[in-house]
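Here the structure comes first, spelled out in structure tokens, and everything after it is commentary.
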Amino acid sequence: MILVHLANILLLFGITFIFIYYGSNFGSHSDNDSPQSFKSSWEKYSWFSLVLYFCQYLALLALPQAVFNFLGFILFNPFPDDPQIKKSILLPDSAPFICFRVVTRGDYSNLVQNNVQKNIDTCLDVGLRNFIVEVVADKSISITPSLYACEVVVPIDYQTKSGAMFKARALQYCLEKGVNQLNDEDWVVHLDEETLLSASSVKGIINFVCNGKHKFGQGLITYANGKIVNQFTTLCDTLRVAEDMGKIQFQLRVLRMPILGWKGSFVVSQLGSERKVSFDNGRDSSVAEDTYFGIRAASLGYSFDFIQGDMHEQSPFTLMDFLQQRKRWLQGLLLVTHSSYIPFRYRFLLGISVYSWITMPLTTANLILKPVFPVAVPLVIDISVSFIGGVWMFLYIYGTCRSFNVARLGVFKFLLLLMAGVFVTPFKVFVENVAVLWGLFTPKHKFFVVRKDLNATCVI
């Protein structure tokens with residue numbers, strides 16, 4: 001696996017070097033730092049040169065994310081072996097008690113029921129016995145209580161002290177006295193309705209909770225292991241797969257905090273710590289409750305780790321669902337970024353990341369403006385912007401390779417998907433830009449739930 005890691009490092013360096021060499025003035029002898037260069041740009045374009053410079057410098061907002069992703073792939077093997085239960089853990093059933101918690105509105109009862117049974121079977125196959133799958137629903141989906149499954153229905157009149165809404169409200173209800181049946185030393189694994197465990201993720205979770213050094217953790221989620229309903233949205237989500245192995249892994253294993261945010265699924269937390277952090281953090285914490293919770297936990301001094309193994313989910317079924325999902329994420333992250341209840345130093349980098357997303361239409365326009373209206377910028381700026389582009393292209397390539405199984409698809413179809421993942425990049429960028437504009441000019445305290453089957457959609 002060392003050779004695979006080295007090959008990925010060479011690919012990453014190669015792609016970023018190509019972007020820097022051909023996308024910047026690297027290697028040229030022009031003095032772009034001189035006052036004469038800036039003056040000539042002004043003389044050539046007048047006031048429009050301010051727009052051109054503004055768009056070029058805005059692209060630097062994405063630099064922290066690019067650096068985190070770059071370092072994540074340099075420091076850690078992006079194709080690790082499946083985790084094995086550590087020898088110090090004599091038996092899987094000797095692990096601390098684990099509650100796999102699924103939150104649902106109750107609109108997809110068949111899906112949830114089927115996934116509950118599949119996840120129970122996966123845990124039992126690994127040898128885990130000390131666990132339960134708990135479904136938390138706004139309305140009952142008739143989960144039959146058993147040794148390994150239970151259901152909690154959130155009363156319609158339940159309100160938190162701070163007015164938390166949506167998923168945060170349901171998660172907080174589970175922590176209330178008289179509702180919570182877990183001990184502070186027990187562990188909770190948060191899953192979405194469609195999340196399926198794998199043997200590797202269960203083993204990784206067992207290792208993590210038995211180690212007990214860190215109170216919170218997260219691992220990799222992939223989106224192409226089951227039935228693919230929409231090939232385009234699945235290709236778009238390959239970037240999320242790459243970011244899990246890049247920036248998420250780097251920030252959790254090196255910085256020990258989700259300083260640039262994290263996902264709401266495959267979140268593992270010790271119950272006592274989760275109760276102290278709380279999901280009852282007001283309306284502004286309720287749209288991106290996962291990131292708010294993670295950054296708040298970091299601000300309270302808790303440490304995090306990256307969990308080996310992967311879980312499986314599905315990408316949005318339709319382009320409209322994809323847009324709605326991205327819109328909600330953007331709006332929720334904006335609310336977190338501007339929350340005065342989290343110390344500024346813990347949301348500063350997240351804010352830079354969010355505003356790089358918000359200004360995406362302007363930085364995308366720079367792809368056209370730069371070759372048509374070239375302006376002189378310092379070489380370090382030129383190289384940095386090209387570096388960002390190179391890292392993003394690598395993420396799309398790696399994410400596609402990591403998502404699709406060459407043994408299952410065959411070499412020819414796999415290569416077609418790999419090329420498609422690169423060729424549809426402009427369309428991915430266009431769709432993300434639409435989501436940004438939509439998110440900026442619509443109400444923020446909404447929670448869209450993407451379709452889990454092809455016959456229903458939900459907006460709260």
Side-chain angles (χ1 to χ4, degrees), residues 1 4 76-102 111-135 146-149 186-212 214 216-228 234 237-238 240-242 244-245 248-249 252-253 263-270 305-315 399 401-409:
M1 297 307 290
V4 175
F76 308 110
N77 183 5
F79 288 97
D81 293 327
D82 285 345
Q84 300 300 317
I85 297 175
K86 295 179 179 179
K87 295 180 179 179
S88 58
I89 304 170
L90 300 179
L91 294 170
D93 57 7
S94 67
F97 190 82
I98 301 173
C99 172
F100 294 90
R101 179 166 288 163
V102 181
L111 172 75
V112 176
Q113 290 172 2
N114 291 336
N115 285 351
V116 165
Q117 189 56 54
K118 289 178 182 178
N119 288 335
I120 289 174
D121 292 342
T122 300
C123 291
L124 294 177
D125 289 344
V126 172
L128 184 64
R129 299 291 185 272
N130 202 20
F131 76 95
I132 194 167
V133 178
E134 177 186 85
V135 177
S146 68
L147 180 63
Y148 297 119
D186 296 337
W187 293 82
V188 180
V189 181
H190 294 282
L191 308 176
D192 285 341
E193 293 168 309
E194 78 277 17
T195 309
L196 289 175
L197 303 174
S198 67
S200 66
S201 65
V202 175
K203 292 175 183 178
I205 290 168
I206 291 172
N207 289 335
F208 174 77
V209 302
C210 286
N211 177 276
H214 307 284
F216 299 97
Q218 184 166 78
L220 169 69
I221 296 177
T222 62
Y223 305 90
N225 289 81
K227 179 182 179 181
I228 297 176
T234 303
D237 275 337
T238 58
R240 300 179 66 196
V241 175
D244 281 355
M245 298 303 290
I248 298 293
Q249 184 168 201
L252 298 188
R253 293 184 68 175
K263 303 182 301 294
S265 189
F266 199 165
V267 171
V268 182
S269 61
Q270 192 173 55
D305 199 6
F306 189 78
I307 301 173
Q308 299 302 318
D310 60 294
M311 293 186 185
H312 307 147
E313 293 183 357
Q314 285 184 297
S315 298
C401 293
R402 188 67 172 79
S403 297
F404 296 100
N405 190 313
V406 64
R408 185 178 65 186
L409 297 174

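Nothing fancy with the numbering, it's 1 onward along the sequence.
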When rounded to the nearest 0.5 angstrom, what distance separates [atom1] in [X] from [atom2] in [Y]?
X	Y	atom1	atom2	result
Ile205	Phe266	CD1	CZ	4.5 Å
Leu252	His214	CG	NE2	10.0 Å
Ser269	Arg101	OG	CZ	8.0 Å
His312	Tyr223	NE2	OH	11.0 Å
Lys227	Gln314	NZ	CD	8.5 Å
Leu147	Phe131	CG	CZ	8.0 Å

Is there a side-chain contact between [X] and [Y] (heavy atoms, below 4.5 Å)?
X	Y	answer
Val241	Leu220	yes
Ile132	Phe97	yes
Thr195	Val102	no
Phe404	Ile228	yes

Can you see which heavy atom on [X] is nearest to which on [Y], and at what distance?
X	Y	result
Asn115	Glu194	ND2-CA, 3.4 Å
Asn119	Leu197	OD1-N, 2.8 Å
Pro96	Trp187	CB-CD1, 3.7 Å
Asp244	Ile221	OD2-N, 3.1 Å
Asp237	Ser315	OD2-OG, 2.7 Å
Arg129	Tyr148	O-CE2, 3.3 Å

Out of Glu193, His190, Glu313, Gln218, which residue meets the side chain to side chain donor-acceptor pair (under 3.5 Å) rule with Ser265?
-> Glu313
Is it true that a side-chain atom of Arg402 and a backbone atom of Thr222 form a donor plus acceptor pair closer than 3.5 Å?
-> no
Examine distances only and state if a side-chain atom of Asp305 and a backbone atom of Phe208 form a donor-acceptor pair shorter than 3.5 Å.
-> no
Have Ser200 and Asp310 got a donor and an acceptor in their side chains that come within less than 3.5 Å?
-> yes
Can you give each donor-acceptor pair under 3.5 Å made by side-chain atoms of residues 77-85, sequence neighbours left out, with the distance rounded to 0.1 Å?
{"unit_1": "Asn77", "atom_1": "OD1", "unit_2": "Phe79", "atom_2": "N", "d": "3.0"}
{"unit_1": "Asn77", "atom_1": "ND2", "unit_2": "Phe79", "atom_2": "O", "d": "3.4"}

Would you please test Lys203 and Lys86 for side chain to side chain contact (heavy atoms under 4.5 Å, CB included) and show each step?
-> CA-CA 9 Å; Lys203 292 175 183 178; Lys86 295 179 179 179; over 6 Å; no
